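This is a predicted model, so every value here is computed, not measured. Order of appearance sets the numbers: ligands from 1, and atoms from 1 within every ligand.
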Amino acid sequence: MTLATEHVNVLRTNGATAMPAAKMRNPVEPGPAEIPSVDRLLNARAFQQLLAQHGRTQVVAALRTHLDSLRHAALEGALARASLTDEVIAAAVDTTLAEAARPRLRPVFNLTGTVLHTNLGRALLPEEAVRAVARALTAPVNLEFDLQSGRRGERDSGVEGLLCELTGAEAATVVNNNAAAVLLMLGVLANRREVLVSRGELIEIGGSFRLPDIMRRAGAKLVEVGATNRTHLPDYAAALGPRSALLMKVHTSNYAICGFTKSVTLAQLVELGRAHAVPVAVDLGSGSLVDLTRWQLPREPTVRETVAAGADLVTFSGDKLLGGPQAGLLVGRADLIAKLRKDPLRRALRVSKLTLAALEAVLALYRAPELLAERLPTLRLLLRAPAHMQAQAARLRPLLQCSVGEAYQVADAPMLSQIGSGALPIEQLPSYGLAIRAARGKRGSLERLDAALRALPRPVIGRLAEKTLWLDLRCLEACDEAAFDTQLAALRP
Ligand SMILES: *Cc1c(COP(=O)(O)O)cnc(C)c1O
């Protein structure tokens, strides 16, 4: 099939250099009349495999386009006779259709150094979740069916038990993502009423999630409390009134306020809320189900301790530190969760059986926390030993150097990875990788190399900064290394 590509290229080159006037045509070159017809080609042997694979509609359309280009070349006297055999035409059509059939959503190598990269799909799911999704996709499931009573059941009752077990909450429900969870909570519990939030916590998360905007869309009125760097308990107390629906705390996921600062603890806020019968809600953002310091990772508040501190509702993401599918989880007081469940907004934000199947499988892994570091890919990546990545960098450096040529200089270098998705914005994890710079006196362009890496069959996504292309190896696990190596040859200048 590469033969055809070569012929097409020949055709193009000739076309570009040929004299435009048809009268200059060399009489031995074929004319338009010699181009075979669509009908004849569709019956030719060379086309049967294509028809079986892509169907008549697509083959006819691609074939017509290709024959048009041949006709055009013939008129310009730039058609090679070799382009007219059935096999060569079929191969050209095959190349076009194979390109069109290539999925647009494709696996890439995430060498950005950001483990939970929102633009690259965040958490990678464990095999258990993949199998659960495949089962739910290919067989009917008791999604909203209570097997005991034989009646209609609740969509998320399967994961509710697990979520309560793992967080200590009374009740739980699931929607499409954490932004949806916050929208639902505000829309149902604070519509046309006031929500008190510290000025230090009015976050914007990438992808246009801004707390004040979500608040407005939910029909809730934001009451800003305190100052950006300091908020005190009396600030909240003074802002409470008859229209107060919620006291809300937002985890400042992607920034930290340092210096002369003061914030009110959740316990203090809960005490105030109880005294005035106003529920306290916490948007935890990433929200971990386990204490990460157990693995010497930086501390992130857990959902369990937030519930234990008295929060009435807690929302968090399924695909950040939890390491599951995209989802927004709400846990907390049973009466509040029941209210959320009944609302039409919840129906509009409900998750699919695929999400629930994957989520249940991932949550089940948390029942064995001591095995989590092996089983949960997100945690496994966060815990990779720098020495492993250093050895990997030493192995890959000569291969990459050979592939990019002497216009570039490849070095193995220590670097710092991030958890990503707003978790622990300040903390960085020591990592190792390859640093590529343009060689002195040579004309290597890092932008061009970056683009070439992105054009590989499985695109390689690095990070371009400080006149260096950084390839952090934290997310290149041993099982993927061979696939990474193999395609490097395609970079050779
Ligand atoms: C990430 C984040 C969100 C949005 O969660 P998604 O699951 O991406 O919708 C909301 N609030 C906080 C604090 C976050 O960190």
Side-chain angles (χ1 to χ4, degrees), residues 114-125 156 159 163 172-187 189-190 195-218 220 222 246-257 263 266 269 280-289 292 298-303 305-306 311 313-332 340 345-346 348-352 354-356 358-359 362-363 378 418-427:
T114 301
V115 176
L116 295 168
H117 199 302
T118 299
N119 304 148
L120 302 180
R122 292 192 185 162
L124 304 180
L125 271 68
D156 47 19
V159 291
L163 278 169
T173 188
V174 184
V175 290
N176 252 313
N177 50 44
N178 190 30
V182 173
L183 178 71
L184 178 66
M185 175 173 83
L186 296 173
L189 304 180
V195 181
L196 281 57
V197 186
S198 160
R199 287 201 168 88
E201 299 174 2
L202 295 175
I203 58 161
E204 172 180 320
I205 307 279
S208 70
F209 175 95
R210 270 188 177 176
L211 195 66
D213 297 342
I214 296 271
M215 199 75 81
R216 196 169 317 115
R217 283 312 245 145
L222 170 65
L246 282 177
L247 286 161
M248 186 173 178
K249 247 185 125 47
V250 184
H251 185 51
T252 52
S253 309
N254 49 8
Y255 64 95
I257 298 181
S263 63
L266 178 57
L269 209 56
V280 175
V282 180
D283 174 11
L284 264 190
S286 213
S288 185
L289 289 179
L292 298 174
R299 233 194 76 79
E300 175 83 354
T302 69
V303 182
E305 70 198 23
T306 309
L313 270 182
V314 185
T315 74
F316 53 104
S317 287
D319 56 353
K320 293 186 181 172
L321 276 175
L322 197 147
Q326 180 190 303
L329 313 177
L330 294 119
V331 304
L340 300 183
L345 192 52
R346 155 50 219 264
L349 302 174
R350 82 177 182 194
V351 288
S352 76
L354 309 186
T355 303
L356 288 168
L359 186 60
V362 170
L363 290 175
T378 298
Q418 299 191 347
I419 298 182
S421 281
L424 307 154
I426 308 301
E427 310 282 353

pair Leu211-Met248: side-chain heavy atoms closer than 4.5 Å
yes
Please report whether ligand 1 has a polar contact with [X], defined as an N or O pair separated by less than 3.5 Å (distance criterion only).
X: Asn178; answer: yes
X: Ser286; answer: no
X: Ser317; answer: yes
X: Ala179; answer: yes

Honestly, for Arg210 the part within reach of ligand 1 (heavy atoms, under 4.0 Å) is neither
Just let me know how Lys320 lines up against ligand 1, side chain, backbone, both or neither, with a heavy-atom cut-off below 4.0 Å.
side chain
Could you tell me, atom by atom, which parts of ligand 1 come under 4.0 Å of a heavy atom of Arg122?
6 (P), 7 (O), 8 (O)
Looking at His251, which atoms of ligand 1 are within less than 4.0 Å of one of its heavy atoms?
13 (C)
Can you see which heavy atom on [X] is nearest to which on [Y], and at what distance?
X: Ala181; Y: Thr315; answer: CB-CB, 4.0 Å
X: Val197; Y: Met215; answer: CG2-CE, 3.8 Å
X: Ala311; Y: Val282; answer: CB-CG2, 3.8 Å
X: Leu284; Y: Pro301; answer: CD2-CG, 4.0 Å
X: Val195; Y: Ala220; answer: CG2-CB, 4.0 Å

